[in-house]
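Beneath this line is the structure, given in structure tokens, with notes to follow.
Naming: A, B, ... by sequence-line order, numbering from 1 per chain.
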2 protein chains.
Amino acid sequence: MKVTTLKDIANELGISVATVSKALKDYPDVNKDTKEKVLQIARKLNYSPNQLAVNLRTKQTKTIGVIIPTTVHHFFSKVIDGIIEEAEKKGYLVIILQSSEKLFLEKLQVNLLLDKRVDGILMSLSNKTNEFVHLKKVLSRNIPLVLFDKIEPSISCSKVRIDDKKAAYEAVSYLISKGYKKISHFRGDLNPKISNDRFEGYREALEDHGITYDPSLVYLCNNNTDFEDGYTNAKKLIRENPEVDSIFAITDLVAIGAIKYFNENNIKIPDDVAVFGFSNWFMSSVVSPALTTVHQPAHQMGVVATEILLNEIELNKENTPCIHKEVILPTKLILRESC
Amino acid sequence: MKVTTLKDIANELGISVATVSKALKDYPDVNKDTKEKVLQIARKLNYSPNQLAVNLRTKQTKTIGVIIPTTVHHFFSKVIDGIIEEAEKKGYLVIILQSSEKLFLEKLQVNLLLDKRVDGILMSLSNKTNEFVHLKKVLSRNIPLVLFDKIEPSISCSKVRIDDKKAAYEAVSYLISKGYKKISHFRGDLNPKISNDRFEGYREALEDHGITYDPSLVYLCNNNTDFEDGYTNAKKLIRENPEVDSIFAITDLVAIGAIKYFNENNIKIPDDVAVFGFSNWFMSSVVSPALTTVHQPAHQMGVVATEILLNEIELNKENTPCIHKEVILPTKLILRESC
DNA sequence: TTGTAAGCGTTATCAT
DNA sequence: ATGATAACGCTTACAA
């Protein structure tokens, strides 16, 4: 079936394309009768504007781009949910790309989105991202950019995140308050800010409570900061530090990996080893024992980041200069059975 | 920073836009020297084509649309992963929309994608979708459409799915082979094909093995076919049918809800009640006891559906008529501890 | 080998 | 109140 254009309507009525366009957009300078006739034919022919033409003309696509490390992750899928929800509410469409934790892909994808002329970009940086020319390129093109979750402080744009250090500090302080002393940390990659922040929170909490920081209790998650890491690190931990009494894991996934290892090897949680997670991935409420963790407002993060982005896009349109915001979303401890 | 256009390059070199365009696309009928000069300037000015203009001209967007019930679901996030991966490989971008199980949203979103002039559409239908004019509209516009997972048989387009009935039949047969006799089913919404198919598989397996089908052992999941449903149905089940010995749940999420209820109430799995899930959501390997379930190839489903779609898009371009495929992906039983 | 010009479907300015 | 026309940036048939 042929798609109706303005021209078709114009021909049908024997008037000009210009008038049709104006009629459809309810301009004041067009006769009521013609307006109605146009509307009628438009409905009859099932007209809807070709967005490609509109986009080219108005230089706006009503589309935003999102680059995240992965979609297969409860946290990120919640964020995406929030992004799509908020964007759709305001009439924007969302293109999603996955960097798969690779810097070169992230750069490539920024270019794809720029070529696509998206109105704005939302990003959570890959763990490998240690240079930022691609982000600067976005800014130099005057395309609004909002970083969330895995951000880079040195880039001057709006950011939405949690206070990872504080959250980690609170979690570890809680462990200490419950009497745990040999507290291990399964940390994330060395590069991303969030993993360093959580590590710092862990370390500071120990020192502030008079427990000497012991690097041999810190285990690195190499393998994507994932379930596997938790499992293998738990194994190593028990072998190398049998006197450990608790673990603060960078992520629920890692914590759950550790729990699995403990369950399989008859190590009692929390009696032998307590486990503290991070993210409040909903599955953490379902594992046995249920995981004590830090709630991270994923959905809200998506919504807020998108709100800010769309707002900056609107300001941009009016050429109003905009002040970048840095929003820190509150976290809270979710106490369950694992410590 | 101003964005470079063909005109800029043309001006810089004092040649025509047409020549620049051809040079960049490596047309044979352009002088080697000019070609090189153009390439050089293009690189210097950081040229990359305005896709909006390209799209309008070529009537292709190199973008596909995806409409799914939700992104916050392990199965769908895996599918999305596969879709994005495959699409990106072939140079396509992906717009994702969530119907949130609402028919009116699904319809609206189809229109959004059509207006956006996506080259093709991938859909998993909402549970509420019981009319299909919106799908027919897509086809009448000659836009390739591929349905996956939650499909509608009457629509003539390619489909990718699993054999839900067979998979359910196998699962229930396995339960029977292990000696279970009072087998309950927590079924999904009455409308979607997959939930009816799984129900049919359950019923047939019973009857083929000489067990009378007992409707009072079938519980409906109203609440989105979710964790909650499993929990509350398990509670009801034990109250109403204390002699039950096993459950076949429509989904891992539902199964895990039931497991939680049983764990909390000291009902032993599988000794008191065995539980069989569906999907092999990765969390099912981590709960205690680990869930026996049906593996559903989610990632592969995304990849295959996208392959078919992109293929149809290419054929469409060449005006080659295409034959719709119906691919049935294999499932398998994953035996763990819950039965 | 290069350039001219039409066209994709809109929007918006300026005449009429 | 309506219409002719240019423009958005690119592709491509055709002319030079």
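Nearest-nucleotide positions on DNA chain C for B/Lys35 and B/Ala53 put B/Lys35 closer to the 5' end.
Regarding A/Lys59, its NZ atom lies at a distance of 6 Å from the C1' atom of D/dC8, rounded to whole Å. One interatomic measurement links the two molecules: NZ of B/Lys7 to C1' of C/dT4, which rounds to 15 Å at whole-angstrom precision. Remark: C1' of D/dG9 and CG of A/Asp115 are 13 Å apart, rounded to the nearest angstrom. What separates CD of A/Gln60 from P of C/dG9 is a distance of 21 Å, to the nearest Å. Rounded to whole angstrom, the span from the CG atom of A/Asp8 across to the P atom of C/dC8 amounts to 11 Å. Taking atom CG on B/Asn55 and atom P on D/dC10, their separation rounds to 12 Å, with Å as the unit. Atom CG in B/Leu13 sits roughly 11 Å away from atom P in C/dT2 (whole-Å rounding). The NZ-P distance, from A/Lys62 to C/dT10, rounds to 18 Å in whole Å.
Of all the residues in residues 22-32 of chain B, B/Lys22, B/Asp29, B/Val30, B/Asn31 reach under 4.0 Å from DNA chain C with at least one non-hydrogen atom.
Note on B/Thr19: a side-chain N or O is less than 4.0 Å away from OP1 or OP2 of C/dG3. Phosphate proximity of C/dT1 to B/Thr34: absent, as no side-chain N or O sits under 4.0 Å from OP1 or OP2. Between A/Ser16 and D/dG3 there is a side-chain N or O to OP1 or OP2 distance below 4.0 Å. At D/dC10, one or more side-chain N or O atoms of B/Tyr47 fall inside 4.0 Å of OP1 or OP2 (strictly under the cut-off).
At the heavy-atom level, A/Ile15 lies under 4.0 Å from the strands shown only through sugar-phosphate atoms.
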Check the pair B/Gln109 / A/Glu88 against side-chain hydrogen bond (donor to acceptor under 3.5 Å, both in side chains), numbers first and verdict last. CA-CA 10 Å; B/Gln109 290 165 346; A/Glu88 210 172 340; 2.7 Å; yes
Mind running salt bridge (Lys or Arg N to Asp or Glu O under 4.0 Å) on B/Lys90 and B/Glu85 for me, showing each step along the way? CA-CA 9 Å; B/Lys90 306 258 173 71; B/Glu85 180 186 304; over 6 Å; no
Does the pair B/Ser154 and B/Glu152 meet the rule for a side-chain hydrogen bond (donor to acceptor under 3.5 Å, both in side chains), with working shown? CA-CA 6 Å; B/Ser154 75; B/Glu152 163 57 32; 2.7 Å; yes
Output a table of donor-acceptor pairs, distance under 3.5 Å, between side-chain atoms of residues 305-312 of chain A and any protein atom two or more places apart or on a different chain; print 'none' if there are none.
from, atom 1, to, atom 2, distance (Å)
A/Thr306, OG1, A/Gly302, O, 2.6
A/Glu312, OE2, A/Ser158, OG, 2.6
A/Glu312, OE2, A/His324, ND1, 3.4

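Relative ring orientation between B/His73 and B/Phe75 is described as perpendicular, the plane-to-plane angle rising above 60° on a 0-90° scale split at 30° and 60°.
When the nucleotides C/dT10, D/dC10, D/dG9 are ranked by their closest atom to the side chain of A/Leu56, D/dG9 comes out on top. For A/Leu6, taking side-chain heavy atoms from C-beta onward, the closest of the listed nucleotides C/dT10, D/dG9, D/dA4 is C/dT10.
Of the candidates B/Leu125, B/Val138, B/Leu139, B/Phe132 forms a side chain to side chain contact (heavy atoms under 4.5 Å, CB included) with just one, namely B/Leu125.
Scored by the side-chain contact (heavy atoms from CB on, under 4.5 Å) test, A/Arg161 finds A/Ile151, A/Glu326, A/Ile328 as partners (sequence neighbours excluded).
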